[in-house]
Asks: 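The structure under discussion is supplied below as structure tokens; questions concerning it will follow.
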Amino acid sequence: MNIDFHGQLKAELGELEGRGLYRSPKALEGATGAKAAIDGREYLLFCSNNYLGLASDPRVMEAARNATVKYGWGSGASRLISGSQRLHRQLEQALAELKETPAAALFPTGYMANVGAIAALTSAQDTIIVDRLCHASIIDGCRMSRAKLQVYEHNEPDSLRRALNRSGKYRRRLVITESVFSMDGDLAPLPDIVNLCRHYEAILMVDEAHATGVLGEHGRGALELFGLQGEVDIVMGTLSKAIGSIGGFIAGREPVVEYLRQKARSYIYTTALPAAACAAGLTGIKIIRDEPERRRKLWENVTYVKEGLKALGFELLGGQSQIIPALTGDEAATIRLSEHLFRQGIFIPGIRPPTVPKGRCRLRITPASTHTQDDLDTLLDAFRTATPI
Ligand SMILES: Cc1ncc(COP(=O)(O)O)c(C=O)c1O
């Protein structure tokens, strides 16, 4: 046993704690919905990505239960061995339809979809140009690919253009952005980015993790909102947020999707999703298609909370999505505000570095379509009684 090694780790953990960066997540005791129980007390949950309440929708739960009875729980092997079940194929078909692409490939998580797709589609002869605020799964995929990584300034097409101008010598130029940024809640200028990629013949990948199910008339995502379906080479999404299940996917044309089935390591070298997760995903997608009123309610709730927080003097980022980041200053102030809310029965943990840049700590507030007017008023009351930041 190497005592020094353990000592080093303990010292680093102590240092994290000292800097207000140690994370001790709270354990929920029941289903994740508009409310959740923690240590025997009920809290309003305003931090989940379960935007439409589907993670605990009775129909989603029943679909998972029925599939478990029929197929068993575990899938037992990778998709390429004996793990592929008919439900995986059905779900891939439903995702392709949702995204209006010819095909889609399913991964166990959104993280794995990003990492696997980026690393499979690029190598040392290529360059990847990413928005500065892209999610860790995108950055990890870039590192694994060994392509030359370039970063452009957040949501600045001119900065992207300069990077593209410098990139003539590479075999492939892959541009990656999120459509809704997960921690800032703003939308990428997708029409400009699509035009630039077309002009420079670059490949475009858009992460629609937080847009799928929520944006666009039919909940297809930000590409639907902007009328850009069919204009993006690689559309990434996840089933773990608005759809209410778990799993990630890449949607696109057949060659991309088939290439990933043959080459993406996080598709090949891991056990397939349980059938129950696929059944839950299929049901979530159906509800998204059939119940647009959920999206309408979500936007009503989001607008109400945003206006209420602005009236209280909070500085909000974003503005165009369901994610409402309220800036809270340094780590200590963020923890203080989060603890104040917790005492009032509201659960919103502080978001701190390295998830967000230093000095840009925030509370990431996510109303859901399932929150009632009372829930929203309780939230705003709790913010009202907080000490000014
Ligand atoms: C922008 C973005 N991409 C990808 C992911 C990963 O998705 P998943 O949680 O399904 O692994 C997340 C969420 O964590 C995300 O916010």
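Indexing begins at 1, ligand by ligand and atom by atom, following the structure's order.
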Asks: Any side-chain donor paired with an acceptor under 3.5 Å for D140 and S137?
Replies: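 Checked: D140/S137 side chains show no N/O donor-acceptor pair below 3.5 Å.
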Asks: Is the shortest N/O to N/O distance between E178 and ligand 1 below 3.5 Å?
Replies: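 No, E178 has no N/O under 3.5 Å of an N/O on ligand 1.
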Asks: So which protein heavy atom does atom 3 (N) of ligand 1 come closest to, and at what separation?
Replies: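 Scanning the protein heavy atoms, the shortest distance from atom 3 (N) of ligand 1 goes to D207 OD2, 2.7 Å.
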Asks: For R79, run the side-chain contact (heavy atoms from CB on, under 4.5 Å) check against L106, T271, I268 and tell me which one passes.
Replies: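 Answer to the side-chain contact (heavy atoms from CB on, under 4.5 Å) test with R79 among L106, T271, I268: L106.
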Asks: Would you say R23 and T355 are linked by a side-chain donor-acceptor pair, where the criterion is simply a distance under 3.5 Å?
Replies: yes
Asks: Taking the six-membered ring of F342 as reference, does the NZ or CZ atom of K26 fall below 6.0 Å from its centre and within a 45° cone about the axis?
Replies: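 Because its charged atom sits under 6.0 Å from the ring centre and within 45° of the axis, K26 does stack over F342.
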Asks: In terms of the angle between their ring planes, are F383 and F314 parallel, tilted or perpendicular, with boundaries placed at 30° and 60°?
Replies: perpendicular
Asks: Tell me the protein heavy atom at minimum distance from atom 16 (O) of ligand 1, and give that distance in Å.
Replies: H210 NE2, 2.7 Å
Asks: What protein heavy atom sits nearest atom 5 (C) of ligand 1, and how far off is it?
Replies: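 Among all protein heavy atoms, the one nearest atom 5 (C) of ligand 1 is H135 CE1, 3.5 Å.
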Asks: Checking a contact table here: which protein heavy atom is nearest atom 10 (O) of ligand 1, and how many Å away?
Replies: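 Looking at atom 10 (O) of ligand 1, the protein heavy atom closest to it is T238 OG1, 2.7 Å.
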Asks: Tell me which protein heavy atom sits closest to atom 8 (P) of ligand 1, plus the residue, atom name and distance to 0.1 Å.
Replies: G110 N, 3.5 Å
Asks: Of the protein's non-hydrogen atoms, which lies at the shortest distance from atom 13 (C) of ligand 1, and what is that distance?
Replies: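 Ranking protein heavy atoms by distance from atom 13 (C) of ligand 1, first comes K241 NZ, 2.7 Å.
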Asks: Hey, does A209 come in under 3.5 Å of ligand 1, counting only N/O atoms on both sides?
Replies: no
Asks: Distance under 4.0 Å to a non-hydrogen atom of N114: what atoms of ligand 1 satisfy this?
Replies: 3 (N), 4 (C)
Asks: We want to know whether T212 and K99 form a side-chain donor-acceptor pair, criterion being a heavy-atom distance below 3.5 angstrom.
Replies: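 A pair is found: one side chain offers a donor N or O, the other an acceptor, under 3.5 Å apart.
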Asks: By number and element, which atoms of ligand 1 are closer than 4.0 Å to a non-hydrogen atom of S182?
Replies: 16 (O)
Asks: May I ask you to decide if the ring planes of H371 and F46 are parallel, tilted or perpendicular, using 30° and 60° as cut-offs?
Replies: parallel
Asks: Can you confirm whether the side chains of R173 and T127 place a donor and an acceptor under 3.5 Å from each other?
Replies: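 Looking only at side-chain atoms, T127 and R173 do not form any donor-acceptor pair under 3.5 Å.
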Asks: Distance under 4.0 Å to a non-hydrogen atom of S240: what atoms of ligand 1 satisfy this?
Replies: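 Result: 8 (P), 9 (O), 10 (O).
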Asks: Does ligand 1 have any atom that is closer than 4.0 Å to a heavy atom of G248?
Replies: no
Asks: Please list the nearest protein heavy atom to atom 11 (O) of ligand 1 with its residue and the distance rounded to 0.1 Å.
Replies: Y111 N, 2.8 Å
Asks: Answer yes or no: does atom CZ of R171 have more than 12 heavy-atom neighbours from other residues, nucleotides or ligands under 6.0 Å?
Replies: yes
